[in-house]
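Notes to accompany the following structure.
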Amino acid sequence: MLSLPANLPPQSRAAERKYIEAKTLPEKIKYLQEFISTIPEHKGNEHMRRYLRRRLALLKDELETQKKRKAGSGGGGFSVKKEGAAQIIILGMTGAGKSALLSAVTNAKTEIGTHSFTTKEPIPGMLRYEDIQFQLVDTPAIFEGVYYGSSWGSQLMSIVRNADGIILLLDGRDAGNQYKVIIKELGLAGITIDKKIRKIEIEKTTGGGIQIACTGRIQCRVEEVDKTLKEAGVRNAIVRIWGDASQEDILEAMDQTKTFKASLILLNKIDLCPKALSDFSATEKREALGISATNKQNLEKISSAIFKSLGLLRVYTKEVGGEPANKPIIMREGAKVLDVAKIIHSHLYKNFKYARVWGKSVNYKGERVGPDHELMDKDIVEVRIK
Ligand SMILES: Nc1nc2c(ncn2[C@@H]2O[C@H](COP(=O)(O)OP(=O)(O)OP(=O)(O)O)[C@@H](O)[C@H]2O)c(=O)[nH]1
Ligand SMILES: [Mg+2]
């Protein structure tokens, strides 16, 4: 459990204050560095130092991204212009078969290695799924320590952050280990593949102090929650907690920098290791698809698995009396009729009256629905205005 030490020396407190009050990113970084360096090194402070170091890494990363953006033209060779319905980054350790996969399922030319670290820059290719295409991006290998150890690491993570999803490509013979390394490096970069079931919500208010509403157990004392928030400069807030929450969860909730990325796990080389999938599922309790890039096993299942893991749906718009559009609008699961109207034209959105829908989300063809009707994949939508 994280304990914010009450006995920090005065210079730490001063640095912390400067950090909290800093307005610009370079200032934040400067004072956070100063803050970390003033915290005495002993075991009780370890958690906090670790947390702050991670925060520092994220801030530095953000600064780098900002600089790149300012430099124009989308930065160096590591950024890939998006095409198609979604951009999916293939992440994996050297030799896992990332380039072999891209070559097998797209027309892109990328070198397949006989030695380590063959691929040196991202290479895109297009993969068809029915009437849409995904852009897959082959990347230089990830390895343990890549994030702190190399500029390649932070560049790799910045393309991941910008992508719509990731494929974790694991060598079936070492899947468990490779998975752990990738998750760890993603975590250091503030990226998670788990959709956050939010345990804590902090709603800042203008008065009333810190109020805590709990349906579970806080693994730390209420006074500590109060103190944690006050130390971060939050004086008035409603804190809602579901389930068990540690003090670290509270800090993370304040931080809210972890980015969720949809992901698909592929275990490659099942020709060499037929048991890979069952072993992996048993130990990691995660869904995955076993493939062989070179022996062409299960490759035809990849595009639909991507579609499913990204939680996408296709909507075809239609004008009154006309035919449905050939090209779908790509939306996320949970999209409503009004979201579609918004995308087609602000006029349709502003004057929305009702819509007619054909497809899986309705009981009969051309059913009349309201603005909040949730759509499903392949629905046809006709918007009627006032
Ligand atoms: N038997 C078998 N070998 C494979 C398979 N996929 C890839 N390989 C081999 O694994 C080696 C590495 O493949 P690459 O595609 O270059 O691996 P990579 O992940 O791109 O590696 P880096 O570019 O170094 O990051 C090559 O010799 C491939 O022929 C597979 O499904 N089965
Ligand atoms: Mg490669």
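All ligand and atom numbering here is 1-based and tracks the order in the structure.
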Decide yes or no on side chain to side chain contact (heavy atoms under 4.5 Å, CB included) for Asp271 and Gln297, but give the supporting numbers first. CA-CA 8 Å; Asp271 53 310; Gln297 282 169 264; 3.6 Å; yes
Test side chain to side chain contact (heavy atoms under 4.5 Å, CB included) on Ile89 and Ile167; report intermediate values, then the result. CA-CA 6 Å; Ile89 306 296; Ile167 287 179; over 6 Å; no
Given the rule in the side chain to side chain contact (heavy atoms under 4.5 Å, CB included) test, do Ile343 and Met331 qualify, once you have shown the distances and angles that lead to the verdict? CA-CA 10 Å; Ile343 290 178; Met331 317 271 311; 3.5 Å; yes
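Residue contacts with ligand 1 do not include Gly92, since none of its heavy atoms lies under 4.0 Å from the ligand. At least one heavy atom of Met93 sits under 4.0 Å from some atom of ligand 1. Residue Thr114 places every heavy atom at 4.0 Å or more from ligand 1. Not a single heavy atom of Asn295 lies less than 4.0 angstrom from ligand 1.
Between Asp138 and ligand 1, a contact under 3.5 Å exists for no N or O pair. When only interatomic distances are considered, the shortest N/O to N/O separation between His115 and ligand 1 does not fall below 3.5 Å. On a distance-only criterion, Gly113 and ligand 1 share at least one N/O pair closer than 3.5 Å. At a 3.5 angstrom cut-off on N or O pairs, Pro140 does not count as close to ligand 1. Taking only nitrogen or oxygen atoms, main chain and side chain alike, Lys98 reaches within less than 3.5 Å of ligand 1. Residue-to-ligand polar distances keep Ile291 apart from ligand 1: every N/O pair is separated by 3.5 Å or more. Looking at ligand 1, you'll find an N or O of Ala100 within less than 3.5 Å of one of its N or O atoms. Residue Ile112 places no N or O, backbone or side chain, under 3.5 Å from any N or O of ligand 1.
Under the 3.5 Å distance criterion, with hydrogens and angles disregarded, a donor-acceptor pair is assigned to the side chains of Ser99 and Thr119. A donor-acceptor pair shorter than 3.5 Å can be found between the side chains of Tyr316 and Asp131. Looking only at atom types and distance, the side chain of Lys180 has no donor-acceptor partner in the side chain of Asn177 under 3.5 Å away. Side-chain polar atoms of Glu83 and Gln135 form no donor-acceptor pair below 3.5 angstrom.
Protein heavy atom closest to atom 6 (N) of ligand 1, with residue, atom name and distance, is Asn268 ND2, 3.0 Å. In terms of protein heavy-atom proximity, atom 10 (O) of ligand 1 is nearest to Lys269 NZ, 3.1 Å.
Contact check on Glu323 versus Lys318 returns no salt bridge, with no Lys/Arg side-chain nitrogen under 4.0 Å from an Asp/Glu carboxylate oxygen. Salt bridge absent: Arg332 and Asp339 never bring a charged side-chain N and a carboxylate O closer than 4.0 Å.
Residue-level proximity to ligand 1 for Thr94 is carried by backbone and side chain together, each with a heavy atom below 4.0 angstrom. Proximity of Thr118 to ligand 1, defined as any heavy-atom pair under 4.0 Å, is shared by backbone and side chain alike.
In this comparison of Thr139, Leu299, Thr294, the heavy atom closest to atom 4 (C) of ligand 1 sits on Thr294. Taking only non-hydrogen atoms, the option from Gly95, Ser292, Ser99 nearest to atom 20 (O) of ligand 1 is Ser99.
Taking every heavy atom of Thr119 and a limit of under 4.0 angstrom, the matching atoms of ligand 1 come to 20 (O), 23 (O). For ligand 1, the atoms closer than 4.0 angstrom to any heavy atom of Asp271 are 1 (N), 2 (C), 30 (C), 31 (O), 32 (N). Annotation for ligand 1: atoms under 4.0 Å from non-hydrogen atoms of Gly97 are 7 (C), 13 (O), 14 (P), 15 (O), 17 (O), 18 (P), 19 (O). Which parts of ligand 1 touch Leu272 is read off a 4.0 Å heavy-atom cut-off, strictly below it: atoms 1 (N). Close contacts between ligand 1 and Phe117 involve ligand atoms 24 (O) [criterion: under 4.0 Å to a heavy atom]. Close contacts between ligand 1 and Ala141 involve ligand atoms 25 (O) [criterion: under 4.0 Å to a heavy atom].
Screening Glu374, Lys378, His373, Glu367 for a side chain to side chain donor-acceptor pair (under 3.5 Å) involving Ser361 leaves a single residue, His373.
Between Ala108 and Gly125 the shortest heavy-atom distance is CB-CA, 3.8 Å. A pairwise comparison of heavy atoms in Leu313 and Gly334 identifies CD2-N, 4.3 Å as the closest pair. When every heavy atom of Val383 is checked against every heavy atom of Ala341, the shortest pair comes out as CG2-CB, 4.3 Å.
Here 2 is the count of protein N, O or S atoms positioned under 2.8 Å from the Mg ion (ligand 2), waters not counted.
Aromatic ring pairs are classed by plane angle as parallel below 30°, tilted from 30° to 60° and perpendicular above 60°; the pair Phe143 and Phe117 is perpendicular.
Looking at Trp152, its side chain does come within 3.5 Å of a backbone N or O of Ala141 through a donor-acceptor pair. Remark: the backbone N or O of Met376 is paired with a side-chain donor or acceptor of Asp379 at under 3.5 angstrom.
Tyr31 meets the ring pair (Phe, Tyr, Trp, His ring centres under 6.0 Å) test with no other residue; sequence neighbours excluded.
Interatomic distance, CD of Glu111 versus CG of Leu102, reported as 13.5 Å (0.5 Å rounding).
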